[in-house]
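For reference, the structure discussed in these notes is given below.
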Amino acid sequence: MLTWGDVRRWDPAAIGAVADALNDGCVRIIAANDDVEAMARFTGWTGDAATAASVRCGSLTSTLDRLVAGASAVRRGAHEVQLALDRIVAFVRETDELASRNGLSIGSGGEIISSGGPAEPRVMAELADRIEQILRRATDVDADFAAIMRRALRGEFTEQGAGTLAQAADAGVAQSGLSIIGPPENGTPGDTKAWWDSLSDTAKVALLQRNPDLVGNLDGVPAADRDAANRAVLARELARLHGDPRRTGLEAIERRLAQPEPRAFLLGLDTSGDGKAIVSAGNPDTAVNVATYVPGTGSELAKIGGDLNRSDKMWASATTAGSPSTAVITWLGYDAPDGITDAANEKYADGGKAALAGFQDGLRETHQGPPSHNTVLGHSYGTTVVGHAARDGGLAADELAFVASPGVGAHDVSQLHLDGVDPGEIGGHVHATVAEHDMINLANLEIAGYDPVLGQDPTDAEFGARVFTSAPGTDDWTGYSKEAHSEYWEDNNPSLRNLGLIIAGKPTS
């Protein structure tokens with residue numbers, strides 16, 4: 001039985017060295033086989049000795065066929081296991097760090113050790129669940145590789161009549177993998193999660209390598225696996241999109257992924273059109289508090305760097321507010337309006353609401369341990385997307401936060417729905433703010449008795465939300481400014497502190 005100490009000592013690079021050595025061995029075997037075949041083709045040599053040599057050469061070639069097929073299978077298996085071990089070792093390191101941040105440590109047998117002070121029960125439960133899941137995954141990987149090794153020792157990686165050694169190698173590699181059935185068509189995130197869980201860890205790695213575009217955008221696939229797939233897509237698209245404005249956004253994502261704290265996870269990537277991306281600061285599958293931030297008008301892949309910075313600031317604010325572990329996700333998973341004229345149209349919100357709802361469902365499905373406290377917050381037109389999703393089917397979340405909203409498609413909070421929140425208590429879970437000098441206030445004016453185009457201002461008293469404080473914002477001669485519309489994440493703005501409190505599940509001011 002594997003222990004925490006065993007997995008903590010695992011060295012993925014050592015398995016990688018095995019794969020490299022086997023690759024070198026295959027090259028040498030193929031070269032030796034060329035020499036044997038040259039001998040067998042020696043012309044002008046007849047008699048008993050020639051016949052014996054020909055028979056011997058045939059026997060050697062057959063032996064080399066088996067060797068190279070087996071070595072190729074083990075090489076492929078070793079490579080896939082190395083990738084699986086990389087992920088498991090990263091999970092171990094992240095879990096040890098979570099324990100340390102909360103005054104705890106994990107013993108070699110998997111026991112949770114307190115430094116003396118009281119430990120938060122929720123953190124203890126989360127650590128225990130992580131340890132159990134990691135050890136189970138490690139055991140699966142160990143069993144997968146052991147099965148490949150047993151098949152190689154029994155000489156099962158062969159194919160009669162392969163013809164050439166190269167074909168034998170290809171046959172060995174093919175037999176080392178698994179025939180993988182794809183995800184359920186039109187399935188829910190729960191269906192996708194069940195399908196993913198049914199695969200062995202080695203099979204998951206094989207699928208991540210073969211079809212990263214599919215896996216990386218599937219709601220219901222765990223964050224670490226989506227991240228692994230999308231990093232491969234990111235590398236490919238960086239190499240492809242030279243001179244393209246979208247490459248600026250890809251480079252911003254690449255820089256963010258390279259930062260150590262909090263670790264970022266690339267949960268979605270699509271470079272078609274203006275581009276879409278989903279990036280999490282922190283692991284949403286293990287965090288106690290998870291927030292999804294939906295940006296507004298003008299958002300696109302090329303400009304995602306600023307939104308990533310906002311998410312990092314909210315992560316820091318929630319951590320300062322006392323959140324034991326946090327993930328803040330930049331969700332650019334919809335086609336945002338390009339400008340103010342387009343932003344008067346609800347079609348962009350209606351086009352994005354199902355994707356947002358599906359993403360939130362996926363977060364619930366893949367979360368490890370006790371359910372996380374989930375917040376969905378929008379800025380500007382992003383609030384309209386959030387509002388439409390909550391109005392027209394509901395969101396798997398505990399809190400909504402509307403920042404500088406032009407309207408959320410609802411007259412009051414009773415039209416919004418959050419899974420698990422009693423409809424009679426919804427007002428206590430919806431939060432809103434707008435700066436005094438934000439130009440968005442002009443869009444929210446009621447003219448000649450008509451409601452604003454996108455619905456009621458959620459900061460109005462009759463809407464029923466909890467209004468929290470923001471700084472007035474930059475003023476100009478009109479009393480409103482564009483600058484005020486983007487200043488909610490400035491370090492000295494109380495709105496940033498309040499967003500951190502909302503994410504951490506604490507009262508705002």
Side-chain angles (χ1 to χ4, degrees), residues 186-190 192-193 216-221 223 226 230 265-270 273-280 284-285 290-301 304 307 310-311 314 327-337 343 345-367 372-410 415-421 426 429-432 454-455 458 502-503:
N186 300 321
T188 66
T192 299
K193 177 63 163 52
N217 293 297
L218 277 178
D219 296 324
V221 171
R226 292 179 71 161
N230 286 312
F265 293 77
L266 184 53
L267 305 181
L269 186 62
D270 179 1
D274 288 337
K276 299 180 178 68
I278 307 171
V279 184
S280 179
D285 288 348
V290 179
T292 301
Y293 157 59
V294 183
T297 300
S299 300
E300 58 184 37
L301 181 57
I304 198 171
D307 292 314
R310 290 177 177 179
S311 290
M314 287 186 281
V328 180
I329 302 160
T330 300
W331 190 84
L332 182 53
Y334 79 111
D335 180 24
N345 196 316
E346 291 184 319
K347 70 176 183 179
Y348 298 93
D350 288 333
K353 63 186 179 184
L356 178 61
F359 180 75
Q360 292 304 122
D361 288 341
L363 290 179
R364 288 294 193 210
E365 292 292 341
T366 59
H367 194 268
S372 54
H373 171 259
N374 286 11
T375 300
V376 183
L377 64 99
H379 173 237
S380 189
Y381 193 90
T383 67
T384 312
V385 180
V386 174
H388 280 230
R391 182 196 68 188
D392 298 339
L395 284 171
D398 304 286
E399 316 286 341
L400 298 180
F402 300 129
V403 179
S405 178
V408 300
Q415 296 180 291
L416 305 176
H417 311 284
L418 296 177
D419 294 356
V421 174
I426 189 70
H429 297 265
V430 179
H431 313 264
L454 298 178
I502 293 168
I503 293 167

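No hydrogens, no waters, no symmetry mates; every other heavy atom, side chains included, goes into these values. All values derive from a computational prediction rather than experimental measurement.
- Annotation: side-chain hydrogen bond (donor to acceptor under 3.5 Å, both in side chains) contacts of D335 (sequence neighbours excluded): none.
- Taking CG of L377 as the reference point, atom CG of L400 lies at 9.5 Å (rounded to 0.5 Å).
- Under the side-chain contact (heavy atoms from CB on, under 4.5 Å) criterion, T192 pairs with W195, L218, V221, not counting sequence neighbours.
- Under the rule for a side-chain hydrogen bond (donor to acceptor under 3.5 Å, both in side chains), S280 has no partner lying at least two apart in sequence or in another chain.
- Applying the side-chain contact (heavy atoms from CB on, under 4.5 Å) rule to A432 yields the partners F402, P458, T459, A465; only residues at least two apart in sequence or on another chain are considered.
- Partners of Y293 by ring pair (Phe, Tyr, Trp, His ring centres under 6.0 Å), not counting sequence neighbours, listed by chain and number: W489.
- Contacts classified as salt bridge (Lys or Arg N to Asp or Glu O under 4.0 Å) and involving residues 375-395 (residues at least two apart or in different chains) are given here: K353-D392.
- Partners of P189 according to the side-chain contact (heavy atoms from CB on, under 4.5 Å) rule, which considers only residues two or more places apart in sequence or in another chain, are D219, D361, E365.
- Applying the salt bridge (Lys or Arg N to Asp or Glu O under 4.0 Å) test to D398 and every residue at least two apart in sequence or in another chain returns R364.
- Taking N217 as the reference, nothing meets the side-chain hydrogen bond (donor to acceptor under 3.5 Å, both in side chains) condition, with sequence neighbours excluded.
- Residues passing the side-chain contact (heavy atoms from CB on, under 4.5 Å) test with L332, sequence neighbours excluded: P295, S299, I304.
- Under the side-chain hydrogen bond (donor to acceptor under 3.5 Å, both in side chains) criterion, T384 pairs with no residue, sequence neighbours left out.
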